[in-house]
Structures are given as structure tokens and as C-alpha cells.
**Student:** 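Starting off with a structure, shown below.
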Amino acid sequence: MADNDERRPGDWLHKGQRTYESANTIIKEPGAKKWYQETFWIIFFLVLFWPVGLVLMWRSDWHVAVKIAVTVVLAVMVYFSMNLYMATQQMTAGS
């Protein structure tokens, strides 16, 4: 058994040099936003995978008017996309 000043198998750092602050350097301050609450990621998911983007947007601190406007725009885009898809299916089935 080694005393407190010697390194033992499994010690990754000498006991006298250990600092417990270094383990917390990867943790952000308590009031910081999480990655999924940041505007960049919300817009990223709204463009790439809109259902996740909508959920993230509605859970964020965006203004309610912006949330409603984005939701209406996406709903209209989905509506027209579905109508266009149905029209092309009818045209190809009729030929």
C-alpha cells in the first residue's frame, strides 16, 4: 500500500496536484441555455426536420406571435405539398 505522496496503479494524477475545479470546466454556468434552446439549433431543426423544430420552438422563449407565424407558414407549406403530391399521383395514375 502506498502512502499519500506516492502514485498507485489507477491514479491518473498525483494527489497533491488534483484540482476539483478542472473537472467542472466542461460544465457551463447554471443560467446558460442548453443547446436545444439556442436559436441556431431551433432554426436548423425547423429547416431540416420541421416536427422537432416546431416542438423546440414552442418550448423556447421566442415571442408568441413569431411562434404562431412560423407554425402557420409550416402548416401552409405542408398543405400545399400534400396537395401537389396528390395531384401528381392522380396525373400519373390517369396516364
**Student:** Count the heavy atoms belonging to other residues, nucleotides or ligands that lie under 6.0 Å from OH of Y85, then report whether that count exceeds 12.
**Tutor:**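 Atom OH in Y85 is not crowded, with 12 or fewer foreign heavy atoms closer than 6.0 Å.
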
**Student:** Residues two or more places apart in sequence or in another chain: which of them pass side chain to side chain contact (heavy atoms under 4.5 Å, CB included) with V73?
**Tutor:** M77

**Student:** Should Y79 and L84 count as side-chain neighbours, where that means a heavy-atom distance under 4.5 Å?
**Tutor:** no

**Student:** With rounding to the nearest 0.5 Å, note down the distance linking CG in L56 to CZ in F49.
**Tutor:** 11.0 Å

**Student:** Determine the interplanar angle of the F45 and W41 rings, folded into 0 to 90°, and report it as parallel if under 30°, tilted if 30 to 60°, perpendicular if over 60°.
**Tutor:** tilted

**Student:** Please assess V66 against M57 for the test side chain to side chain contact (heavy atoms under 4.5 Å, CB included), listing each intermediate value before the final yes or no.
**Tutor:** CA-CA 9 Å; V66 174; M57 179 189 64; 5.6 Å; no

**Student:** Please check if V70 and V55 belong to a single hydrophobic cluster, counting links between Ile, Leu, Val, Met, Phe, Trp and Tyr side chain heavy atoms closer than 4.5 Å.
**Tutor:** no

**Student:** Quick check: closest heavy atoms across Y36 and I42, and the distance to 0.1 Å?
**Tutor:** O-CG1, 3.8 Å

**Student:** If you measure from CG on L48 to CD1 on I43, what distance do you get to the nearest 0.5 Å?
**Tutor:** 13.5 Å

**Student:** If you group Ile, Leu, Val, Met, Phe, Trp and Tyr by side-chain heavy-atom gaps below 4.5 Å, do M86 and M91 land in one group?
**Tutor:** no

**Student:** Nearest 0.5 Å, please: how far is OG1 in T71 from CH2 in W50?
**Tutor:**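 Atom-to-atom, W50:CH2 and T71:OG1 are 10.0 Å apart.
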
**Student:** Sorted by first residue and then second, give each salt bridge (charged side-chain N to carboxylate O under 4.0 Å, His left out) pair with at least one member in residues 51-64; sequence neighbours left out.
**Tutor:** K33-D61

